[in-house]
*Asks:* 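So that we are looking at the same thing, I have put the structure below in structure tokens.
Keep in mind the model is a prediction, meaning the values are calculated, not measured.
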Amino acid sequence: MGRRHEVAEVRNRLSGSRLVTLTGVGGVGKTRLASHVAAEVRSAFADGVWLVELAGLDNSELLAQTVAEALEIRDHSSRGPLDILTEHLRDKRTLVILDNCEHLLPQCAVLADSLLRSAPDLKILATSRQVLGLPYEHTLAVPTLGLPSTGKPRLSLKSLARCDAVRLFTERAGAVLPGFSVTEANREAVERICRQLDGIPLGIELAVVRLRALSVQQLLERLDDRFQLLTAGSRAVLPRHQTLRALIDWSHVLCTGQERLLWARASVFTGGFDLEAAEGVCSGDGIRREEILDVVTGLVDKSVLLREEPHSTVRYRLLDTLRQYGREQLVAAGQTAPLQRRHRDYYRRLAAEARAELFGPSQVAWFARLHLEHTNLRTALEYSFAEHGEAETGLSMASDLLYHWITSYYLGEGRRWLDEGLAVCTEPNQVRARALWTNSWLAVIQSETAAAAAMLEESGKLGKRLADDSVVAYTALYSGMIAMYRGDAESAIGLYEEAVARHQAVNDPVGLALALIRLSLVHSFLGDSPRAIAFGEESLRVCDTYGEGWHRAYTTMALGIEVWRQGDARRAIELEKASLIFNRSLDDPLGVGVNLEVLAWIAATEEQYERAARLLGVLQTVWQAIGAPLSGYGHLVKYHDECESRTSRALGATAFRAAVRKGSRLSYGEALGYALEEHLAAAEPGGEDERPSPLTRRETEIAHLVAQGLSNKEIAATLVIAQRTAEGHIEHILSKLGFTSRAQVAVWVFEHDRAADGDERAPQGGP
């Protein structure tokens, strides 16, 4: 793996300090070192190790929000993100890695100080080109990779290969030239190249790419020539800065004209991009759309763009150092403003297309895509609200992203964008009317019904003045939710029925399904079973006509409540589990929470009190994370209270508290497995026979390929991932299992599979 001494040093400093900052020049390997440390210390932090990537964040006001998102905190309350973070971390033993802090240094320092003061068991590992400057901060300057000794006697080839810089050179050269190794013939050139590059990992990786066209000796000669030309620069600049800059300059010069154009233009993206985005934003003025793929491929081959494959989707990313370099080229060419505008326009269209495709078979794929593009969507919104005359476009875009806000970690952020837009865009037009009812739903979910009602009143008036039936329909729908929240069921029914009629008139299946679900719930609540079932079944027909899944899951949840009320527990469980499986796949915590509620109620009425209590314990964790119990479904609280009272009486106070505590200690994945009864062994979590795998699903897959004897390159080809990605996974596998060789991994796979076969269950892995 390399860096073993540095990993040990960081671990040692973390044991004695709550804030450790890794410093060093860009490209020296700070992030990679932090990742290695995270893998090794994970078991020491019961509540997890979380990586917060800040390189793509330009707006310091969103720092706390970004950290909350990285920690997967889905708080639907209206509290500020710093308050949410503080509350979430207060009693948790957690390591948070703040990666690339240098451009947000004062804000990161304030945030770290606030969190560390309020959360006694929290530790922070930061990476930055500068220290944060806090008095209790421990720092470690990340050195460049170890270089071969220049003394006598001369190192053997085996000893030379163990030097970190040479090891990295050899590994990367092997990816370019299969079978490459350091020999007596090339060892001197390899050593000199590593020295020329000061052992900077990024420098070595960029240089080795040239072995596609050059021999090792030629590469060395070109490096000599290049750096000699640049040594006349400022003596005030550290040599390693000169070296890295020179190498990036050289990589830039060796790119084709189109590759240089694309490098600069790609710097407007934040958090990565896919091929379609590159075609939409970067084509034109020297690169035809049909040429983008070849140009992207060229930049991947030159290690300028990193190829990644999250969720079977290929994306590309510039390392932060290379992104900054590209930005400089864009500024020098006077193209920053036009490219930022093209970037905004592309993601504006993407948001609109996602809204249009919301109700259909591609729904989940769109939710996943928007999640991957969140930082780019945020950048597009920032541009819209910062540029004169563009705020209305930003407000419309924020409205289009309604389902992105409510099905992800970003509800609070969505509310803030809409609030900002409504404060600026006061023209009484359709954009404002739609933004008002959109924002009202977010407010309802946050249990801020007074604010929601005020927005709906204005939206309704605007809708009628503009003769916009869609606006009036949604105003009626969400006004019905508020009426139900306030206990006025009859008014709610009237408003829901108005919403149904208006949504049918404008042929809007999204609003229609929502209104039908609410009608089913309110009639069930009033004891009118025939109508509750009828409206639920009508909603199912609407969803099935369009091949839609998310609203269907909520409809199934509503029907499950009514079927349970009728006394058919078995059928109710089937309905709730089907809904829960979909909500889990979408990672919708609100839907999951309601499903778990109903399953707990059913367990209590079936006298499965231990199970009911554990599910209530799980719900404590779920609702605390969301920040608003039964958000938008407040009228169902009476069922929760009845379940809790009944279960507590049946078990007795002591046994009830113990069972609730067991449920609250389950991880999210374990809790859902328990609710779905996927593994009967989960009924007694933490038993001696449980030996869950420490590896994720992807790591388990790669471990099996290692056991089959595949090389890193073959594993990458088999899984269609970058070889560097495969190597990173293997490093994590070795670290997690405490091994030093691939042979040990193979033995572990054999024994683990045999144990799983004996237990008649498959190996378990994390998400």
Side-chain angles (χ1 to χ4, degrees), residues 7 10-23 30-57 60-75 79-140 142 271 320 374-375 409-410 412-413 621 624-625 627 667-668 732 735 766-767:
V7 169
V10 177
R11 292 185 63 173
N12 180 54
R13 298 199 181 201
L14 275 174
S15 68
S17 173
R18 298 181 59 213
L19 172 62
V20 176
T21 302
L22 307 181
T23 62
K30 299 183 295 294
T31 299
R32 185 176 300 179
L33 175 57
S35 298
H36 288 171
V37 172
E40 291 208 0
V41 303
R42 192 175 303 275
S43 61
F45 294 91
D47 297 298
V49 176
W50 303 88
L51 174 65
V52 185
E53 297 175 334
L54 300 176
L57 179 65
S60 62
E61 294 181 2
L62 294 174
L63 175 60
Q65 174 70 33
T66 301
V67 177
E69 291 164 8
L71 268 62
E72 300 181 1
I73 303 171
R74 295 188 176 188
D75 190 297
R79 296 178 298 163
L82 181 56
D83 292 335
I84 292 169
L85 266 176
T86 301
E87 178 64 28
H88 177 79
L89 292 170
R90 191 181 305 280
D91 59 352
K92 290 186 168 55
R93 184 167 178 76
T94 302
L95 174 65
V96 173
I97 301 173
L98 299 178
D99 189 35
N100 289 299
C101 298
E102 54 273 351
H103 61 303
L104 302 168
L105 213 58
Q107 296 83 6
C108 284
V110 171
L111 176 71
D113 189 56
S114 298
L115 295 180
L116 290 169
R117 289 182 185 278
S118 61
D121 291 325
L122 169 69
K123 293 195 176 188
I124 293 177
L125 177 61
T127 75
S128 176
R129 298 183 194 184
Q130 293 177 260
V131 299
L132 300 188
L134 293 171
Y136 49 84
E137 175 183 20
H138 281 215
T139 63
L140 176 67
V142 178
D320 187 46
H374 179 69
T375 53
Y409 304 98
Y410 314 120
E413 181 178 345
T621 306
Q624 182 182 11
S667 70
Y668 186 70
H732 290 155
S735 178

*Asks:* Can you sort out the partners of Glu53 under side-chain contact (heavy atoms from CB on, under 4.5 Å), two or more places apart, ordered by chain and number?
*Replies:* Leu51
*Asks:* With a 4.5 Å cut-off on side-chain heavy atoms, are Thr94 and Val49 touching?
*Replies:* no
*Asks:* Which residue pairs satisfy the salt bridge (charged side-chain N to carboxylate O under 4.0 Å, His left out) criterion with at least one member in residues 91-104, sequence neighbours excluded?
*Replies:* Glu102-Arg129
*Asks:* Might you work through the side chain to side chain contact (heavy atoms under 4.5 Å, CB included) test for Leu54 and Leu57, ending with a clear yes or no?
*Replies:* CA-CA 5 Å; Leu54 300 176; Leu57 179 65; 4.2 Å; yes
*Asks:* Can you list the residues that meet the side-chain contact (heavy atoms from CB on, under 4.5 Å) rule with Ala68, with sequence neighbours excluded?
*Replies:* Ile73, Leu85
*Asks:* What pairs with Ser667 under side-chain hydrogen bond (donor to acceptor under 3.5 Å, both in side chains), at least two apart in sequence or on another chain?
*Replies:* Glu670
*Asks:* Among residues at least two apart in sequence or on other chains, which ones pass side-chain hydrogen bond (donor to acceptor under 3.5 Å, both in side chains) with Thr21?
*Replies:* Glu137
*Asks:* Roughly how far, to the nearest 0.5 Å, is CG of Leu140 from OG of Ser17?
*Replies:* 11.5 Å
*Asks:* Over all heavy atoms of both residues, which pair between Asn100 and Ala55 is shortest? Give the atoms and the distance, please.
*Replies:* ND2-CB, 3.8 Å
*Asks:* Looking at every heavy atom in both Leu116 and Lys123, which two are closest together, and how far apart are they?
*Replies:* CD2-CA, 4.4 Å
*Asks:* Between atom OG of Ser15 and atom NE2 of His138, what is the distance when rounded to the nearest 0.5 Å?
*Replies:* 9.5 Å
*Asks:* Looking at CG of Leu104 and CG of Leu111, how far apart are the two atoms once the value is rounded to the nearest 0.5 Å?
*Replies:* 10.5 Å
*Asks:* How would you list, by chain and number, every residue that makes a side-chain contact (heavy atoms from CB on, under 4.5 Å) with Gln130, sequence neighbours excluded?
*Replies:* Leu105, Ser128
*Asks:* Could I get the full list of side-chain hydrogen bond (donor to acceptor under 3.5 Å, both in side chains) partners for Gln107, not counting sequence neighbours?
*Replies:* none
*Asks:* Just verifying a value: how many Å separate Leu95 CG and Trp50 CH2, rounded to the nearest 0.5 Å?
*Replies:* 11.5 Å
*Asks:* Quick one: list whatever passes salt bridge (charged side-chain N to carboxylate O under 4.0 Å, His left out) with Asp113, sequence neighbours left out.
*Replies:* Arg117
*Asks:* Go through Val37 and Leu125 one step at a time and tell me if the side chain to side chain contact (heavy atoms under 4.5 Å, CB included) criterion holds.
*Replies:* CA-CA 9 Å; Val37 172; Leu125 177 61; 4.3 Å; yes
*Asks:* Looking only at heavy atoms, which two atoms of Leu132 and Ala112 are closest? And how far apart?
*Replies:* CD1-CB, 4.4 Å
*Asks:* Could I get the full list of side-chain contact (heavy atoms from CB on, under 4.5 Å) partners for Ala119, not counting sequence neighbours?
*Replies:* Leu89, Leu122
*Asks:* Glu87: what forms a salt bridge (charged side-chain N to carboxylate O under 4.0 Å, His left out) with it, not counting sequence neighbours?
*Replies:* Arg90
*Asks:* Please name all residues satisfying salt bridge (charged side-chain N to carboxylate O under 4.0 Å, His left out) with Arg13, sequence neighbours left out, ordered by chain then number.
*Replies:* Glu9
*Asks:* With sequence neighbours left out, write down each residue that passes ring-ring contact (aromatic ring centres under 6.0 Å, His included) with His374, or none if nothing qualifies.
*Replies:* His404, Tyr410
*Asks:* What's the spacing between Ile124 CD1 and Leu134 CG if we round to 0.5 Å?
*Replies:* 9.0 Å
*Asks:* Does Leu22 reach the side chain of Leu33, with side-chain heavy atoms less than 4.5 Å apart?
*Replies:* yes
*Asks:* For Leu98 and Cys101: C-alpha separation, side-chain torsions, deciding distance, then whether side chain to side chain contact (heavy atoms under 4.5 Å, CB included) applies.
*Replies:* CA-CA 7 Å; Leu98 299 178; Cys101 298; 3.6 Å; yes
